[in-house]
Protein chains: 4
Amino acid sequence: MIKEEITKHSIQLFEKKGFSQTSIQDIVDVLDVTKGTFYYYFSSKEQLLMDIHLQYIDNLLSRQQMIFDNTSLTNKEKLEEVILMLIKDIKERGSSGRVFFREIRHLNNMNISKVKEKRNNFRLRIEEVVQEGIKTKEFQSDLPADMIAFGILGVTNYSYNWFNPNGDVSPEELAEIFSKMILNGIVSG
Amino acid sequence: MIKEEITKHSIQLFEKKGFSQTSIQDIVDVLDVTKGTFYYYFSSKEQLLMDIHLQYIDNLLSRQQMIFDNTSLTNKEKLEEVILMLIKDIKERGSSGRVFFREIRHLNNMNISKVKEKRNNFRLRIEEVVQEGIKTKEFQSDLPADMIAFGILGVTNYSYNWFNPNGDVSPEELAEIFSKMILNGIVSG
Amino acid sequence: MIKEEITKHSIQLFEKKGFSQTSIQDIVDVLDVTKGTFYYYFSSKEQLLMDIHLQYIDNLLSRQQMIFDNTSLTNKEKLEEVILMLIKDIKERGSSGRVFFREIRHLNNMNISKVKEKRNNFRLRIEEVVQEGIKTKEFQSDLPADMIAFGILGVTNYSYNWFNPNGDVSPEELAEIFSKMILNGIVSG
Amino acid sequence: MIKEEITKHSIQLFEKKGFSQTSIQDIVDVLDVTKGTFYYYFSSKEQLLMDIHLQYIDNLLSRQQMIFDNTSLTNKEKLEEVILMLIKDIKERGSSGRVFFREIRHLNNMNISKVKEKRNNFRLRIEEVVQEGIKTKEFQSDLPADMIAFGILGVTNYSYNWFNPNGDVSPEELAEIFSKMILNGIVSG
DNA sequence: AATGAATGAGTGTTCATTCAT
DNA sequence: AATGAATGAACACTCATTCAT
């Protein structure tokens, strides 16, 4: 209960001020407890950050798996679904996402490796879908699937930096725009 | 001379360890001078970071202008050129770029505003090219030019996080892959 | 307990070396604790100085009030009592007094205002007694009470700079000398 | 020429910000020269402070001597004249005076001794006049001349802390008020 | 007579962490 | 389960002073 509260408020603080600029004191002040309490639940500031990272990426991985395991979807539809998932996530978990992308460097080397492996898995599964689509002729035959996967993630992940999910364009609309661009390009005809 | 050396090595350190985690001591140790020397050339650590930011974005803005002012290029070609410029830049100024994208938060509010304005200008000029291309029918008529500009920048800027310009794929090749994806999409036929 | 110790020793150090010339390190060295301990009890060096100022002036104000509220005293006697109080204070709180008079400038503007207001109150109450004495014909009718109050405080406060309470002249004797000078002057007849 | 300029502006700065809080940089910035220039004229920051002290006290001593050497004056008049001199000085040399009273602690021990000796001389000569006046029966017979001298200086010197020579009360008026208080007291009859 | 570059010791302050209770 | 006191290492920054030119 308290542990979850700490995590939740830390995400807000890390997003707003950054990991380094947020002190344990800042965190416990929000909850009106003392630093001792923090160290009862977390062994270090870094472990808290690791928890946040794992929660974020594990959630994405399992939701990605649900999409990609759905055999009724074409590869094109799988890409569309995963793009939609990522863009919609900005609204509900944008803070976590920004912390995830920005603060990984503050983990120690071992934890960085663990997180990067999961992050790579997420990307590699997208790469596999692209590869599958090439095989099924849904996608162009000469695509370098790995680079395309990076390109897709660039479009979606960069959105965490600028997209306002409460603005004029809804997450669903943005996901459709980006899906179209990636799938069909912008050139006319 | 020394000022340039400080800037150069700071970029490397900021890239590797992050702005907060890099101390003035770290910086001057590399050059074998004292902290006093640092403060002779820079009024604060933040001013050094601002210098780095301005150097980076001003350079990009002027090169972008050269491309966009070239009336012999189509709008499609202009986009290709600017994508190529950004991807090739990873090789020569990748460190600066990563610092630019990651550490802006450590500037004070006024400086953040200044940098963001320039960064927005860079994006808005891309948006204008997309808009122009729509008018000339080079691009599809129903494109939201603003979102597309964000999409293009997502693809290129995210590359700073993963692309190894000395690896199997050359910057020129990657630029072509991304240009094709953005312009023509990945769907076959 | 420790907080009081810090305050006590700081007063000695500030008196001897001055506020600026006394470092936090100097202070904690005396008590054999670390700088962290200092900042556990005080938010800043300035706050410590403010504490010292408030302790000093609040004490004087309350003792002054006790004297001036004593309706059995004439206005002349009230002045004598307050002069005695100030001179006797040199022995017990001379260090605090010297810090108070000398180091106020190192407070921030808001704190300076707060302290000056209290200091002014102390003076204004003396002015009121002079004014009362004029009304009751104890004192000469044409006295500018405000300037006289400054004059009285000049005589007493300046004593903090030179008077040795353990020397040939006792505090009580000095108070009497100054009371006589102020009340009756030095001219004969 | 430049040396005098440095001294002049230093006095203003030392008065406003205090000796410690004023850097050599602050001083040379006002004159738009470099620190090297400062060290061409002064061997150290402290020497500048010593110059200021000596200028101030030597001037007072010589003017005091002119008054006390004037054999046409009674001892009472001599005191009146010296009080007038000191109060009028607030207008023309108030900055120097405040620096003199406040910053002496920043001199080294040898210089402190030199200045204190001169300051003591100034006081001792006042004491002598009081003593003379006692002999001539101008003043009361049982006065402790030394304490009275301190009292007189308290009244005048403290004025540097509060008296505004451009306010409602002129220096001449204030000098008269204080002379009357010291000579005749404030008690009526 | 004056400069500009450089020094190095010191300053106030922050903060993750520990630990007895 | 939680606290309060204490630590100590680190940090950005200041500044009087030096010195070759």
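A note on names: the letters A, B, ... follow the listed sequences, proteins ahead of strands, and every chain is numbered from 1.
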Taking CG from C/Asp32 and C1' from F/dT7, how many angstroms apart are they, rounded to a whole number? 13 Å

Indicate yes or no: does D/Arg105 engage D/Glu46 in a salt bridge with an N to O separation below 4.0 Å. no

Separation of C/Ile27 atom CD1 from E/dT13 atom P, in whole Å? 10 Å

Using atom CG of C/Leu31 as one end and atom P of F/dT7 as the other, report the distance to the nearest whole Å. 11 Å

If you only use heavy atoms from C-beta on, which nucleotide in E/dT7, E/dA2, F/dT7 is closest to the side chain of B/Val33? E/dT7

Where A/Gln12 and A/Ser95 come nearest, the two heavy atoms and their spacing: OE1-OG, 3.8 Å

Check the distance between E/dA16's P and A/Asn108's CG and give it to me in whole angstrom. 16 Å

Do A/Ile2 and A/Tyr40 have side chains that get closer than 4.5 Å, going by heavy atoms? no

Stem ranges for DNA chain F, with three or more consecutive Watson-Crick or G-U pairs under 3.5 Å? E:2-21 with F:2-21

Looking only at the side chains, is there a donor atom on one of D/His106 and C/Gln21 sitting less than 3.5 Å from an acceptor on the other? yes

So if I take every side-chain heavy atom of A/Tyr40 and compare against E/dA6, E/dA2, F/dA1, which nucleotide ends up nearest? F/dA1

Below 3.5 Å is the cut-off: list the nitrogen or oxygen pairs between protein and nucleotides 10-13 of chain F, distance only.
from	atom 1	to	atom 2	distance (Å)
F/dA12	OP1	B/Thr22	O	3.4
F/dA12	OP1	B/Lys45	NZ	2.7
F/dA12	OP2	B/Ile24	N	2.9
F/dC13	OP2	B/Tyr39	OH	2.8
F/dC13	OP2	B/Lys45	N	2.9
F/dC13	O5'	B/Tyr39	OH	3.3
F/dC13	N4	B/Lys35	NZ	2.8

Looking at residues at least two apart in the chain, or sitting in another chain, which of them share a salt bridge (Lys or Arg N to Asp or Glu O under 4.0 Å) with B/Lys118? B/Asp58

For D/Thr7 versus D/Ile52, what's the shortest heavy-atom pair and its separation? CG2-CG1, 3.8 Å

Between C1' of F/dA5 and CZ of C/Phe42, the distance in whole Å: 15 Å

Can you measure A/Met1 atom CE to F/dA2 atom P for me and round it to whole angstrom units? 12 Å

Can you say whether the rings of C/Phe101 and C/Tyr160 are parallel (under 30°), tilted (30 to 60°) or perpendicular (over 60°)? perpendicular

A/Lys45 to A/Phe19 six-membered ring, cation-pi geometry met (6.0 Å, 45°): yes

Please find out if less than 6.0 Å separates the ring center of D/Tyr158 from that of C/Tyr158. no

Considering just the side-chain nitrogens and oxygens of B/Tyr41, establish if one lies under 4.0 Å of OP1 or OP2 belonging to E/dG4. no

Could you check C/Thr37 against B/Gly36 and say which one's nearest nucleotide on DNA chain F is further toward the 5' end? C/Thr37

Separation of F/dC15 P from D/Asp29 CG (nearest whole Å): 11 Å

Return the value, rounded to whole Å, for the distance between atom NZ of C/Lys17 and atom P of E/dG10. 11 Å

